[in-house]
Every structure is written in structure tokens, then in C-alpha cells.
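Sequence lines set the chain letters: A, B, ... in the order given, protein chains first and strands last, and positions in each chain run from 1.
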2 protein chains.
Amino acid sequence: MSDLLERLRGRGWRLTSQRRVVAEVLNGDHVHLTADEVHARAVQRLPEISRATVYNTLGELVTLGEVLEVSTDGRAKRYDPNAHHAHQHLICSGCGAIRDVHPQGDPIAALPATERFGFVISGAEVTYRGLCPDCARP
Amino acid sequence: MSDLLERLRGRGWRLTSQRRVVAEVLNGDHVHLTADEVHARAVQRLPEISRATVYNTLGELVTLGEVLEVSTDGRAKRYDPNAHHAHQHLICSGCGAIRDVHPQGDPIAALPATERFGFVISGAEVTYRGLCPDCARP
DNA sequence: GTATTGACTTAGACAAAGTCCAGGCTAGGA
DNA sequence: TCCTAGCCTGGACTTTGTCTAAGTCAATAC
Ligand SMILES: [Mn+2]
Ligand SMILES: [Mn+2]
Ligand SMILES: [Zn+2]
Ligand SMILES: [Zn+2]
């Protein structure tokens, strides 16, 4: 993750303790935290960090293409540090757990020209829903 | 749509003018209105209808399986009367226009067992993004 | 090391989307 | 026609996110 910080500094990003902490919180696999969850974890390390700064920093990371914004339900957006490997999401309807998944083939190819309404298509997001092993137990 | 109302009455739904108006507003193809848009249109026909009733009625229609809830971005949920024909959505990144589309094949089949993490998968939603003919013009 | 400065951070006000409640109203059955 | 369970209403409240004015500080220049 420190290579990320160096990369951003090279792009003229001022490296503050707040930004460093937000970047540290967003570290790992299958990480899809809401802004408030990021804030709660950031406060553990830097008690005075504000909500506004967390929102600002997340927004900047999204603009820079280093973090993805994922809207899986009508609730809070989730922030996903796995921005450099295309993937889709599998979500448990019971507990909300989210996993990164990699389906085969390109979903865009499955949309015939007659179903495109003249649109220029740029991407497709797939959300799989189901029950995780814990929630599926009788 | 009145067959819908009769069907619901058969299920013990009390048929009020408010519910009738909400059902009428949600009529047509490629209809994906937000709750506030439904309310604004309902008020044209029944000026005293409240926001709470629109939310309640939409929620009931979703529970009854007569309307789908679509969360395409982090904004307001959209309500889709096309609940009886499986379909996916194509959204213009420029103006937000939404079209119903029917891709070929089953997206669930594209997810190998090794990518399912032991989940029991129940469905998949695909959101295609692009630019509509108007927004793609130079 | 110190000064400078524009970018950054903060607290809190504000806004949009949605939920909840007490009290009044009414559709539909008796 | 009357009764009442279920429905509706206005408004308070919650969650999620945005904006702003004023204070702070990272990085550069000296
Ligand atoms: Mn992800
Ligand atoms: Mn639809
Ligand atoms: Zn689960
Ligand atoms: Zn458009």
C-alpha cells in the first residue's frame, strides 16, 4: 500500500496523516467498507480525523482510479481497493458478506445489437446474490 | 393494470384511491421511477396523497412481487413494474436513461464453482453502462 | 532552520432519501 | 347503516452524503 501512497505523491498529492490512515484502512482482499466503516476504523488510529476528510479522501481515490465505488443496494456506497483487477461481486442476502468473483466470458458480448438501443456500451457490472455457507445452514 | 388491482384485492388488499393512483402511475414500458417521482405524478391525480403512503404502497408492491426495486447508483431506488419478465438494465452515463434489456444466456452459468465460495446462488443482476444516441453525439 | 503559502482538515450546518409514529379516516363486511 | 381493522396523514426522526468558513500544516524556497 505504501507504493500506492508514493504513486499518489508523484501525482502531486500532499501526503497527510489523514490520507495515509484512510489508505491503510482500505487494505486487504474482499474489502468493501462503507464510508462510515472507514471512518470508524480510521478513528482508531487517528482519533481526530473527521467524517468530511474521509469522504473527501475516498472521493479522490475514486477519481484517481485507485479505489472503486460499489453500490450494491440502496444503502451506503462501499469502497473497494481492488481497482486494478476487473471483477464482479457475490453478496450474501442473509448477512451482507461480499466476495470478489471472476465470471467467465464478457457479459457485454451477451447483449445482442438489437438489445442495445443504439447505445455505445462501456461496461457491465454483475451482482450475484445468494446465501453464504453460514447463512444457508438449516 | 386493473387486472393487477383485482389480483391484489383477491389477496386481501384493501383498494384505496391512493393505492389505485400509485399503481396507475407505474404503468408502461421501461418505467423506472424514483419514489419521489411516483409521488409527484400521483399528486397530479390525487393532490392530498402523502409521501409516506407512496413509500408504503411501493414497499407492499415489492413484497408482493408485483414491482421490482432497482438500485443502480448510490441515489434513490427506482421502482419497476416489469416484474414478471426477467430482464437486466442498460443505463446512459450521460442522462441516466434506463432501458430494459435481455442478454443471451444465464449469467449464473458463467460463475464457476471455484468462484462461488460455497454460496447457494439465487440470482444475478447485470447493469450495462454506456451512452445513449443523444448523449453519444459529438 | 525558518518563513511562506496554497492545499488540506475540521466542526457543524445543510440536503436528499427513507422510516416511523400518533391520531384521524374509510373500505368493505355484518 | 354501522363498525372496525386496516389505511392514510403530517411531521419528527434517521442515515448517508455534501458544503463552507475558518484554522492548520506539508512541502518548497531561502
Ligand atoms: Mn470488489
Ligand atoms: Mn426494468
Ligand atoms: Zn451470510
Ligand atoms: Zn443519455
Within the pair [X] and [N], is there a side-chain N or O less than 4.0 Å away from OP1 or OP2?
X	N	value
A:Tyr55	D:dT18	no
B:Arg19	D:dC7	yes
B:Thr16	D:dC8	yes
A:Gln18	D:dC25	no

- Examine distances only and state if a side-chain atom of B:Arg19 and a backbone atom of B:Arg14 form a donor-acceptor pair shorter than 3.5 Å.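 Answer holds: yes.
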- Are any side-chain N or O atoms of B:Thr53 and backbone N or O atoms of B:Ile49, one a donor and one an acceptor, separated by less than 3.5 Å?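 No, because the side chain of B:Thr53 does not come within donor-acceptor range (under 3.5 Å) of the backbone of B:Ile49.
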Between [X] ([atom1]) and [N] ([atom2]), how many Å, whole number?
X	N	atom1	atom2	value
B:Asn56	D:dG10	CG	P	13 Å
B:Glu48	D:dC8	CD	P	12 Å
A:Leu8	D:dA27	CG	C1'	16 Å
A:Arg78	D:dT16	CZ	P	9 Å

- Report the C-alpha distance between A:His32 and A:His89 in whole Å, list the side-chain angles of each, state the deciding distance to 0.1 Å, and finish with yes or no for ring-ring contact (aromatic ring centres under 6.0 Å, His included). CA-CA 10 Å; A:His32 306 91; A:His89 292 108; 4.7 Å; yes
- Which residue, B:Leu15 or B:Lys77, contacts DNA chain C at a nucleotide closer to its 5' end, judged by nearest heavy atom?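 Of the two residues, B:Lys77 wins.
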- Query: Which residue lies toward the 5' end of DNA chain C, B:Tyr79 or A:Leu46, if each is placed at its nearest nucleotide?
  - Reply: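 In this pair, the answer is A:Leu46.
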- Item | 5′-ward residue of the pair B:Gly74/B:Glu60 relative to DNA chain D |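 Final value for this comparison: B:Glu60.
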- Item | No-hydrogen, no-angle side-chain donor-acceptor test under 3.5 Å, A:Glu69 and A:Tyr79 |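 Indeed, the side chains of A:Glu69 and A:Tyr79 share at least one donor-acceptor pair under 3.5 Å.
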Scan [X] against the nucleic acid and name what it touches under 4.0 Å (heavy atoms): base, sugar-phosphate only, or nothing.
X	result
A:Arg51	base
A:Arg9	sugar-phosphate
B:Ala52	base

- Spacing of CH2 belonging to A:Trp13 relative to CG belonging to A:Leu8, to within rounding of 0.5 Å: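 The CG atom of A:Leu8 is 5.0 Å from CH2 of A:Trp13, to the nearest 0.5 Å.
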- Item | Nucleotide range of DNA chain C lying under 4.0 Å from chain A heavy atoms |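 In short, chain A contacts DNA chain C from C:dG6 to C:dA11.
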- Query: Any side-chain heavy-atom pair from B:Leu46 and B:Gln18 closer than 4.5 angstrom?
  - Reply: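 Yes; the side chains approach each other to less than 4.5 Å.
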- Mutual orientation of the aromatic rings belonging to A:His30 and B:Phe117 [parallel < 30°, tilted 30-60°, perpendicular > 60°]: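 Ring orientation of A:His30 relative to B:Phe117: perpendicular.
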